[in-house]
Amino acid sequence: MNGYKQIRQRYLNGESQRSIAKSMGISRNTVKKYCEGENVPLERKTPEREDQYLLKTFLLSSLHTSKKMKQKA
C-alpha cells in the first residue's frame with residue numbers, strides 16, 4: 001500500500017509515469033494503473049472461481065449419485 005500512495009503522490013505532484021516507474025524499478029503499466037486509480041492494492045478481491053467450481057462439482061456429483069440410486073430402486 002505504501003508504494004501505491006507514493007506513486008499517487010508523486011504523480012499528483014507532476015512527476016511523469018515513466019520517471020516514477022524507472023526510479024521505483026516497477027512496470028510502467030503498473031504505475032499507469034495506480035495513477036489512474038484503477039487498482040487499489042487493498043481493494044483487490046479474491047476470485048470466487050474455486051468456490052464456484054467446487055460447488056458445481058459437488059452438485060453435479062450429488063445429482064449423478066441421485067440418478068444412480070433411482071435407477072437401482
Side-chain angles (χ1 to χ4, degrees):
M1 182 67 177
N2 189 26
Y4 174 80
K5 285 182 179 180
Q6 184 181 5
I7 290 169
R8 294 282 296 165
Q9 189 61 45
R10 289 170 70 172
Y11 180 71
L12 293 173
N13 287 337
E15 190 172 345
S16 72
Q17 293 177 10
R18 183 179 296 247
S19 171
I20 296 169
K22 190 172 184 178
S23 68
M24 294 183 75
I26 57 176
S27 167
R28 285 185 292 151
N29 290 335
T30 301
V31 172
K32 180 181 176 188
K33 288 178 187 179
Y34 286 5
C35 289
E36 294 172 351
E38 215 172 279
N39 289 16
V40 180
L42 291 180
E43 292 182 8
R44 270 178 115 174
K45 296 180 181 176
T46 55
E48 296 178 17
R49 292 180 187 161
E50 185 176 344
D51 292 340
Q52 291 174 352
Y53 172 77
L54 293 174
L55 178 61
K56 181 179 177 182
T57 304
F58 171 75
L59 292 174
L60 288 175
S61 67
S62 296
L63 181 63
H64 183 66
T65 303
S66 176
K67 284 183 179 179
K68 278 186 174 181
M69 292 177 76
K70 285 182 181 179
Q71 288 175 352
K72 287 183 180 181

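Treat the numbers as computed from the prediction; the structure is a model and nothing was measured.
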Please report the closest heavy-atom contact between Q17 and V31, naming both atoms and the distance. O-CG1, 3.7 Å
When rounded to the nearest 0.5 Å, the distance separating OG1 of T30 from CD1 of I7 is 7.5 Å
Nearest-0.5 Å distance, NZ of residue K32 to OH of residue Y11: 10.0 Å
Would you list the pairs meeting salt bridge (charged side-chain N to carboxylate O under 4.0 Å, His left out) in which at least one residue belongs to residues 12-28, sequence neighbours left out? R10-E15
